[in-house]
Number of protein chains: 2
Amino acid sequence: MAASIHISLNHKSYLREPESTELGRKIISESIKMIDALGFEQFTFKKLAAEIGSTEASIYRYFENKHKLLVYLVSWYWAWVDYTVTFQTHNLPDPRQRLDRALEELVNAGQEDDPSVAYIDERILYRIVMAESSKVYLTKEVDAENKEGFFLEIKKFCRHLAQLVLAVNPDYPYPHALVSTVMEAAHQQLYFASHLPSLTEIKYSQRPVEETIQFLKHLVYSAIDNSK
Amino acid sequence: MAASIHISLNHKSYLREPESTELGRKIISESIKMIDALGFEQFTFKKLAAEIGSTEASIYRYFENKHKLLVYLVSWYWAWVDYTVTFQTHNLPDPRQRLDRALEELVNAGQEDDPSVAYIDERILYRIVMAESSKVYLTKEVDAENKEGFFLEIKKFCRHLAQLVLAVNPDYPYPHALVSTVMEAAHQQLYFASHLPSLTEIKYSQRPVEETIQFLKHLVYSAIDNSK
DNA sequence: TAATAATAATAGTAATACTATCAAAAATAT
DNA sequence: ATATTTTTGATAGTATTACTATTATTATTA
């Protein structure tokens, strides 16, 4: 991964840009650890402030509330995955190779050791995305937040994958539906493997990432090769 | 639908059985309306108590907290869908016909007018399941609650559908993963059609239920007919 | 009709999700 | 190098949430 990449978001889930200050970066890096450890419901700005040796009021200057912080983290994640998929598929000649690689990255992104941004631990962020990301849009404010652009990153990545699907078969009628289903399923199946194993054949103890990639590739190619 | 059916759950998400008393039934029927109207986060026992002319303390005698009430509602929904699928597929001779009907019911259950239980509005409950149901297992307490049996109904329905899949093709290697993916996708795609339309081809204004059924049938049959 | 159980009324607590104010410290502009 | 502006810290305060406890009242059942 590049020595220095910068992910910037197309919306204002934040009040003050957290990347630009020491406190802002501490808010991001520590909130990732804390949301993972406590779960989003138990996570509070007060606890976060105590952990980073700051105050609630200071954190509120960066994020209006913890929901918007979660929107920021999840958006950052999808922008980052989109970047890595672009990077990884860049020189591949065959549409199937590109889609293969993209699906691998979707399931794998954040499982690697090497961090691309110093203050963000992508492995922990990945766990947050698995367990908490659907909470960003499953709210009564979804339409208002959609208008504010809070879901642009996830939509962009969905469009990106849909284009890879259409490059394999332009006649497949549900590229976005397929891809949004697969994006959710990737994390869901790994979550189920860990916590609700009877909902999936993926075994937590047996290379769950590789097995999930197999399952999703089979699903995707079966669907798109079975059209027109 | 039968004039009088009774869904009973295999666990104690409740403290006192809500179906057995007038207050209990009012808690259920009004909480369904209120969670739909306010969203789960804004819903409180205090507001519910005010609405049904009772008190917070009285509601707490039925449910330990609002999360367990949601677990109850979602479990009830899956038990009820399982029942309707059993009923609807009962006399169909062909495995494909049975799976077809099951997928139709999965997407459709709760869209019909006729209610099967007087104090439960399945159409509203369906919207709650779409928007809130993943919150029942996306918590830090998932493992403890799983041990208590809180997810038995969803697991049972998943097993039920997986059996229908295997009846069509016993060699398909991921029946539970496919079915849990499809169960989530059914509600997700309809939610996306309403709120994040660029994530799906399903159009809210153009028979979204029928279109979702088409999409899921194509997905499922492509996958299971493409094995062995 | 007495005993028991369920509900209502009321009060109270700790924690959450903020907002406001002001002083101290840090960054920046001149 | 100093003045100005911005950022942070310290402190306090409020409304709401998520409960628990107590006692009186009303239904239910024995």
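Chain A is the first sequence line, chain B the second, and so forth, proteins listed ahead of strands; every chain is numbered from 1. Small disclaimer: the values here were computed from a predicted structure and weren't measured.
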For [X] and [N], what is the distance between atoms [atom1] and [atom2] respectively, to the nearest whole Å?
X: A:Lys68; N: C:dC18; atom1: NZ; atom2: P; value: 10 Å
X: B:Arg25; N: C:dA6; atom1: CZ; atom2: C1'; value: 14 Å
X: B:Phe63; N: D:dC19; atom1: CZ; atom2: P; value: 14 Å
X: A:Ile59; N: C:dT19; atom1: CD1; atom2: C1'; value: 15 Å
X: B:Tyr60; N: C:dA9; atom1: OH; atom2: P; value: 18 Å
X: B:Leu15; N: C:dA6; atom1: CG; atom2: P; value: 12 Å
X: A:Leu38; N: C:dT16; atom1: CG; atom2: C1'; value: 14 Å
X: A:Phe40; N: C:dA17; atom1: CZ; atom2: C1'; value: 12 Å

Close aromatic pair by centroid cut-off 6.0 Å: [X] and [Y]:
X: B:His187; Y: B:Trp78; result: yes
X: B:His195; Y: B:Tyr191; result: yes
X: A:Tyr137; Y: B:Phe192; result: yes
X: B:Tyr62; Y: B:Tyr14; result: no

- Task: Please list residues of residues 42-51 of chain A whose heavy atoms come under 4.0 Å from any atom in DNA chain C, ordered by number; otherwise none.
- Result: A:Thr44, A:Lys47

- Message: Over 60° means perpendicular and under 30° means parallel, so tell me whether A:Tyr72 and A:Phe63 are parallel, tilted or perpendicular.
- Response: perpendicular

- Message: Which label fits B:Phe157 and B:His160: parallel for a plane angle under 30°, tilted from 30 to 60°, or perpendicular past 60°?
- Response: perpendicular

Quick one about [Y] and [X] (side-chain donor to acceptor, distance below 3.5 Å, no hydrogens or angles considered), yes or no?
X: A:His67; Y: A:Thr139; value: no
X: A:Gln189; Y: A:Thr200; value: yes
X: A:Glu145; Y: A:His11; value: no
X: B:Asn10; Y: B:Lys156; value: no

- Task: Could you give me the stems involving DNA chain D, meaning stretches of three or more consecutive Watson-Crick or G-U wobble pairs whose two defining distances are both below 3.5 Å?
- Result: C:1-30 with D:1-30

- Counting primed atoms, P, OP1 and OP2 as sugar-phosphate and everything else as base, the B/S/- map of nucleotides 5-11 of chain D against protein heavy atoms under 4.0 Å is --SBB--

- Task: Answer yes or no for B:Lys66 and B:Phe43: cation-pi contact, defined as NZ/CZ to six-membered ring centre under 6.0 Å and angle to ring axis within 45°.
- Result: no

